[in-house]
*Asks:* 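Got a structure for you, written out below as C-alpha cells; questions coming shortly.
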Amino acid sequence: MKHIMSFIFLRNFYHLRNCLLIGANSRLLRIHSNRCIVFPLRTYSNVTRRLPLRSITPHIINLQFNISIASKEPKISYQYSDPIKLYQAQKERDTIDQPATILVLDLGTTGLNSKTDKITEIAIRDVQGGMDSKFYTLVNPEVTLKNHKRNELHTESGVPRMEEAIPRLLKWVESRQINGKPVILVAHNGHCFDFPFLVRAFHEYGYQIHENWLFLDSLHLARQVLHDNGTKLKRGNHKLKDLVKFFNIVVEASAQKAMVDVNALCAVLQQMTFVSKLTSADLIERAYTASRYSTRRSSE
DNA sequence: TGCCAGGCCCTCTTTAGGGCCTT
C-alpha cells in the first residue's frame, strides 16, 4: 500500500510540475518512510530558465515563485520555491539521508594537454546550495601565458600556486561532505579534460584523490540520457552552450569565467536529471573513481 | 577560425577514419 501511495504521489508530482513547466528546481526524488521527499539539486544558483509568456498562470503566482520581468520573456527564479524550503527545513533537522554530495566543477587551464599544460582557475559549486556552496580561485600556473592581461592577473600577489590551492580545495570539499559519504565531481567533458588535469595536479604535489571522490562526465551523460529520453539532440550538439540553449536556461554573467560555466552546468544537470528521472543513486552508479586516471598514468 | 591532446562515439567497414568536446 505504501508503494502504491508513493507511486501515485510521484505521478501527481510529475504531472503537477509538467503542467506548471517549472520542473527544474527539484530533481532527486526518494521515498522516505511513507513520504516523498523532494531533493533540489541547487538552491542559491543565479541561473534562471526562460518560460514562454503563456506559461505564467495564476497558479504559479499563487505558489509564490519569484517572477521578474527583465525582458520580453519573464524569468522564474527557483530559489524561493516551496520544494527548496522543504529541503532546507529538512536539512536543518538533518533528517534527509543524502547518498552523496554533488559538486559541479570547471577548470581554466593554459591549454588542452593535461600532461604539459597547467591549471589557472578552479570553480566548484555544491548543487545543494546553502552557505559557502561555492569554491573559486585563480591559480598561478608559474608559466608565462600568451595573453598578457591574463598573465598579470594570474601572477598577482595573493594568487595561490597549485600546491597552495589544493589544501584549500580539500578543506572546502571536506566541509561539503556528508558524514564521509561519496562526493561526485561533475564536469562537462571532464573525462577527457578537467579530471585528468585535476588528478595529475594532485599527483604532482603528492596528494591522493580520496576513494570517496567519484567523477561523472556530464557530456557522456547528456549523450546517453537525452537519447534515452526521446528528446534527441543532433549529433554534435552536446556542447555546454548547446545544452543551455536546449533547456532554455539563462545564465547570469560573472567576472569569474569558470563560475559562469559551473552555474550553467548546475542548471543543465538539474534538467537532465529531471527529464531522465535520475536519482543520486543513479549518478553514483554512472560515476567512477580516480583510479581510472591513475591506471592511465602508470601505463604511460 | 583553426590549432593543440585524447577518449569516446558514430559511420562505414571489419580495422580505420573522422567528428565531438574541453582551455
Side-chain angles (χ1 to χ4, degrees), chain A residues 103-125 136-155 159 161-162 165 169 184-204 209 214-229 231-247 249 251 253-269 271-272 285-300:
Chain A
L103 305 177
V104 171
L105 163 76
D106 189 66
L107 297 181
T109 68
T110 59
L112 297 172
N113 191 335
S114 63
K115 297 184 181 71
T116 58
D117 290 310
K118 301 291 183 181
I119 294 173
T120 59
E121 199 176 9
I122 303 173
I124 313 180
R125 182 171 211 144
Y136 178 84
T137 183
L138 288 173
V139 178
N140 184 347
E142 301 180 273
V143 295
T144 303
L145 302 177
K146 294 176 183 177
N147 186 319
H148 182 66
K149 290 182 179 178
R150 286 186 62 203
N151 198 52
E152 285 184 345
L153 186 66
H154 287 269
T155 56
V159 175
R161 291 171 290 142
M162 195 59 201
L169 172 63
I184 306 177
L185 287 165
V186 183
H188 205 62
N189 199 28
H191 180 55
C192 293
F193 185 77
D194 302 84
F195 304 150
F197 266 100
L198 192 68
V199 172
R200 180 170 286 272
F202 268 62
H203 286 169
E204 186 175 345
I209 300 285
L214 301 176
F215 298 95
L216 181 67
D217 189 340
S218 56
L219 172 62
H220 190 233
L221 185 68
R223 283 170 171 161
Q224 285 186 327
V225 300
L226 294 183
H227 277 253
D228 293 340
N229 185 257
T231 53
K232 292 184 179 179
L233 283 174
K234 290 181 181 177
R235 186 166 180 257
N237 282 6
H238 293 84
K239 290 190 289 289
L240 183 56
K241 286 182 180 178
D242 293 329
L243 297 178
V244 166
K245 186 177 179 181
F246 178 73
F247 287 121
I249 294 165
V251 183
S254 168
Q256 302 170 340
K257 181 183 176 301
M259 191 55 77
V260 173
D261 287 344
V262 163
N263 290 338
L265 185 52
C266 278
V268 166
L269 184 63
Q271 294 293 331
M272 282 199 297
E285 284 182 8
R286 291 168 183 265
Y288 43 85
T289 66
S291 62
R292 191 164 174 176
Y293 303 104
S294 303
T295 303
R296 188 187 305 166
R297 179 180 165 83
S298 61
S299 63
E300 291 169 0

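Within every chain, numbering begins at 1; the chains are lettered A, B, ... in the order of the sequence lines, protein sequences first and strands thereafter. Just so you know, these numbers come straight off a predicted model, no measurement behind them.
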*Asks:* Give a yes/no on whether any side-chain N or O of A:H191 is located under 4.0 angstrom from OP1 or OP2 of B:dC8.
*Replies:*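 Checking B:dC8 against A:H191, a side-chain N or O does come within under 4.0 Å of OP1 or OP2.
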
*Asks:* How close do A:V186 and A:S218 get, counting heavy atoms only, and between which atoms?
*Replies:* CG1-CB, 3.9 Å

*Asks:* Side chain of A:D106, heavy atoms from C-beta onward: which of B:dC8, B:dT22, B:dG7 has the nearest atom to it?
*Replies:*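 Closest nucleotide to the A:D106 side chain: B:dT22.
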
*Asks:* From the options B:dC21, B:dT23, B:dG6, select the nucleotide whose nearest atom is closest to the side chain of A:C192.
*Replies:* B:dG6

*Asks:* Roughly, in whole Å, what's the span from CG in A:N189 to P in B:dG7?
*Replies:*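 Going from CG in A:N189 over to P in B:dG7 covers 12 Å.
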
*Asks:* Take the protein atom NZ of A:K239 and the nucleotide atom P of B:dT23, then report the distance between them rounded to whole Å.
*Replies:*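 Checked: the NZ to P distance equals 12 Å.
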
*Asks:* Name the nucleic acid region contacted by A:L219, choosing base, sugar-phosphate or nothing; use a 4.0 angstrom heavy-atom cut-off, strictly under.
*Replies:* sugar-phosphate

*Asks:* When you measure from the side chain of A:D117 to the backbone N and O of A:T109, does any donor-acceptor pair fall under 3.5 Å?
*Replies:*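 Side chain of A:D117 to backbone of A:T109: no pair is present.
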
*Asks:* Nearest whole angstrom, please: distance from the C1' of B:dC3 to the CG of A:D117.
*Replies:*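 Rounded to the whole Å, the gap is 13 Å.
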
*Asks:* Return the CD to CD1 distance between A:E204 and A:I119, rounded to the nearest 0.5 Å.
*Replies:* 9.0 Å

*Asks:* Rounded to the nearest angstrom, tell me the gap between atom CG in A:L240 and atom P in B:dC21.
*Replies:* 11 Å

*Asks:* When you compare B:dC8 with B:dC12, how far apart are their P atoms, in angstrom units rounded to a whole number?
*Replies:* 22 Å

*Asks:* Can you check the A:L243 CG to B:dC21 C1' distance for me, whole Å?
*Replies:*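 The distance from CG of A:L243 to C1' of B:dC21 comes to 11 Å, rounded to the nearest Å.
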
*Asks:* Please tell me which of the listed nucleotides, B:dT22, B:dT23, B:dG7, lies nearest to the side chain of A:K257?
*Replies:*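 So the side chain of A:K257 is nearest to B:dT23.
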
*Asks:* Is A:D217 touching bases, backbone alone, or none of the nucleic acid, heavy atoms closer than 4.0 Å?
*Replies:* nothing

*Asks:* Taking atom C1' in both B:dG17 and B:dT1, compute the distance separating them and give it to the nearest angstrom.
*Replies:*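 After rounding to an integer number of Å, I get 23 Å for this pair.
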
*Asks:* In whole Å, I'd like the distance from the OH atom of A:Y288 to the C1' atom of B:dC8.
*Replies:* 11 Å

*Asks:* Round to the nearest Å and state the distance from A:N237 atom CG to B:dC10 atom P.
*Replies:* 14 Å

*Asks:* For the P atoms, the ones on B:dG18 and on B:dC4, what distance do you get once it is rounded to whole angstrom?
*Replies:* 14 Å

*Asks:* Quick one, A:F246 with A:Q271, criterion side-chain contact (heavy atoms from CB on, under 4.5 Å). Give me CA distance, side-chain angles, the key distance, then yes/no.
*Replies:* CA-CA 10 Å; A:F246 178 73; A:Q271 294 293 331; over 6 Å; no

*Asks:* Roughly how many Å apart are B:dG19 and B:dC3, using the C1' atom of each and rounding to a whole number?
*Replies:* 15 Å

*Asks:* Of the options B:dC4, B:dC21, B:dC8, whose atoms approach the side-chain atoms of A:R292 most closely?
*Replies:* B:dC8

*Asks:* How far, in whole Å, is B:dT15 from B:dT11 if one measures between their C1' atoms?
*Replies:*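 So the two C1' atoms sit 13 Å from each other.
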
*Asks:* In terms of the nearest nucleotide of DNA chain B, which residue is placed more toward the 5' end: A:D194 or A:S114?
*Replies:* A:S114

*Asks:* Any side-chain N or O of A:K115 below 4.0 angstrom from OP1/OP2 of B:dG6?
*Replies:* yes

*Asks:* What's the separation between atom NE2 in A:H220 and atom SG in A:C192, rounded to the nearest 0.5 Å?
*Replies:* 10.0 Å

*Asks:* To the nearest 0.5 angstrom, please state how far the CG atom of A:D217 sits from the CZ atom of A:F193.
*Replies:* 12.0 Å

*Asks:* With nearest nucleotide decided by heavy atoms, which residue, A:H220 or A:N113, maps closer to the 5′ end of DNA chain B?
*Replies:* A:N113

*Asks:* Taking all non-hydrogen atoms of both residues into account, name the closest pair between A:F215 and A:L198 and its distance.
*Replies:*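 Result for this residue pair: CE2-CD2, 4.4 Å.
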
*Asks:* Could you go over nucleotides 17-19 of chain B and give all protein N or O partners under 3.5 Å, atom names and distances?
*Replies:*
{"residue": "B:dG18", "atom": "N2", "partner": "A:R235", "partner atom": "NH2", "Å": "3.2"}

*Asks:* Could you tell me the separation between the CG atom of A:L221 and the P atom of B:dC21, rounded to a whole number of Å?
*Replies:* 14 Å

*Asks:* Can you sort out the partners of A:N140 under side chain to side chain donor-acceptor pair (under 3.5 Å), two or more places apart, ordered by chain and number?
*Replies:*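 Result, side chain to side chain donor-acceptor pair (under 3.5 Å) vs A:N140: none returned.
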
